[in-house]
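Beneath this line is the structure, given in structure tokens, with notes to follow.
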Amino acid sequence: MTVSRRRLLQSLALTGGTAVAAPESAVTLDVLRNVSAAHGTNLTDDRLRVVKPVLEHNLPQLRELRAFEIDDAIAPTQGILDH
Amino acid sequence: MAASELCFKSVAELAPLLKARKLSPVDLTRAFLDRIEAVNPKVNAFITITGEQALQQARKVERDIAAGRYRGPLHGVPYAPKDLFATKGIRTTNGSKATANWIPDHESTVTARLNHAGAILIGKLNLLEFAMGSGQSGLIGPARNPWDLNYSPSGSSSGSGAALAAGMVPLAMGSDTGGSIRGPAKSCGIVGLKPTYGRVSRFGVTTLSWTLDHAGPMARTVADVACMLQAIAGADPQDRTAAPSPISDYTKALSGNVKGVRIGVPTEYFFEHVHAETETALRRALSLLKDQGAVLVDVKVRNAALCGGASSIILGSESAAYHEKRLKEHGDLLEPLVRERLEVATFNSAVDYIKALRLRTILMEEMQRVFQTCDVLMLPAGNAAPKLDAEIVGTDAPSDPPSTPRPDSFNIANLTGIPAIVLPCGFTAGPPSLPLGIQFCAKPFDEATLFRVGHAYQSATDWHTHKPRLDA
């Protein structure tokens, strides 16, 4: 399947893959298909139809997270706690 | 003592009898096996029952105790782990058709330590599939809440909570990534501890999220949970996240004295959507602790509302990474909700994931600040258990109010790694009359203060002694 670079960037932006401002359009099957291809998961359209409403439901919470500004000095903490 | 009475005794009551040889570990094990046989068809708490092996082990324990080789309070006491803990040579299903016949060639560190302490493995407990399912399908269907079989015990350590409440086992192990020990503790009227991140080894426990997973003890009393933690805590060369921090003598915390202990009470956010009945029970519990000498302190936890989103991204991303191969090759064997959650998570971006981990840093620092002003923080543990057919993890049926109104009240402890305990604090008026729970959190590695507060509360109340009527 061929995906134009412009289309791919738009799709990734919608799901947060880049810093490009995402268009306010709904999450479409086409967008999800592109992202799934880019990620290598290649979910079928049947599976994308299952996933789509859940992603849409999660978007507001995700946008809130993305909007939260974090000071540059804050590094991620993963796994082992600083004992 | 009648067998049915034995099944509701605590370890604190059983241990002296076993040590003094007034109670045979074989008779005790048989009593629990009989109880399981009578009640499990209703409650569906056990996936595997290791009856013959348990009796064999009990006979060996009996010989050891008779020969003077008594190992401590867990010696001769039956226990069961959530079927997420690898038990060598005994099938470990993760509650999933995908691993229904997996026989591990290794033992989890937790079960190895419990076995070394002389506890007797009696079976493997039901759970939500891979600790993330709905309980509606999975391998053997959902566990049921012994207080009302039409209600959920909550999950994902559903079988652990149900088995304890029903008197099928005195000790259980669960895992907690977003409340999976504490939710069942609340819904089943028992005690569940999510220890500090790294306090208990996770070697041999199937992963849901490396950053958020915790293995923890569950029992009917705080004292019994403390006893279990004593046996299982500590560093482990097989799990590099297991902390070398010193282990307290948790029995010293069971003094019943809370004079001067500062209990933080959140002034905003966490009580939103808590039912009036639940809030009354929580406030009544706090009032009792205050009468015992504790000091109540108003606290505010900044950015608490971000916990849910951050946890969701971390859990989703890490579980999708863990199950990547299984999802590609055997997705059809997974319960629909598990498959859906994993596939949704494949759309998470690395930037979102790293941001969530940076929020983790912020919230950990926030909790450090909170614990400068209090010794423990009280948080709601959710409303009473939901109906069984409404329990879909992450989404509640529109007709039922959320059972965990603020998932952040559980998630915050997973995200920041602080220890948290839930214990029973009352019942709803009903019908049906269902347990209510209260949650306390403490700073990292301060499980002792949680035990101190919890034990003091249980010494002054009897919620933990109530038994469901199962007509067995």
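Worth knowing before you read on, the calculation uses all heavy atoms, side chains too, and leaves out hydrogens, waters and symmetry mates. Chain identifiers are assigned alphabetically (A, B, ...) following the order of the sequence lines, protein sequences preceding nucleic acid strands; residue numbering begins at 1 within each chain. Predicted, not measured: the structure shown is a model, and the values here were computed from it.
In this structure, chain A has a heavy atom under 4.5 Å from the side chain of B/Asn303, while its backbone stays farther away. Both the backbone and the side chain of B/Leu359 come within contact range of chain A, judged by heavy atoms closer than 4.5 Å. In this structure, the portion of A/Leu43 lying under 4.5 Å from any heavy atom of chain B is its side chain and not its backbone. Contacts between B/Glu365 and chain A at a heavy-atom distance below 4.5 Å involve the side chain alone, from C-beta outward.
Environment of NZ in B/Lys355: crowded, with over 12 heavy atoms of neighbouring residues, nucleotides or ligands closer than 6.0 Å.
Considering only residues two or more places apart in sequence or on other chains, B/Ser180 meets the side chain to side chain donor-acceptor pair (under 3.5 Å) condition with B/Ser156. Residues passing the side chain to side chain donor-acceptor pair (under 3.5 Å) test with B/Arg339, sequence neighbours excluded: B/Glu343.
A distance-only check finds a donor-acceptor pair linking the side chain of B/Arg358 to the backbone of A/Asp71 [under 3.5 Å]. For A/Thr28 (side chain) and A/Val31 (main-chain N/O), a donor-acceptor pair under 3.5 Å exists by modelled atom type.
The greatest number of non-hydrogen atom pairs below 4.5 Å with chain A, out of B/Ala310, B/Ala350, B/Gly309, is found for B/Gly309. Comparing B/Leu212, B/Thr361, B/Leu306 by heavy-atom pairs within less than 4.5 Å of chain A, the highest count is held by B/Thr361.
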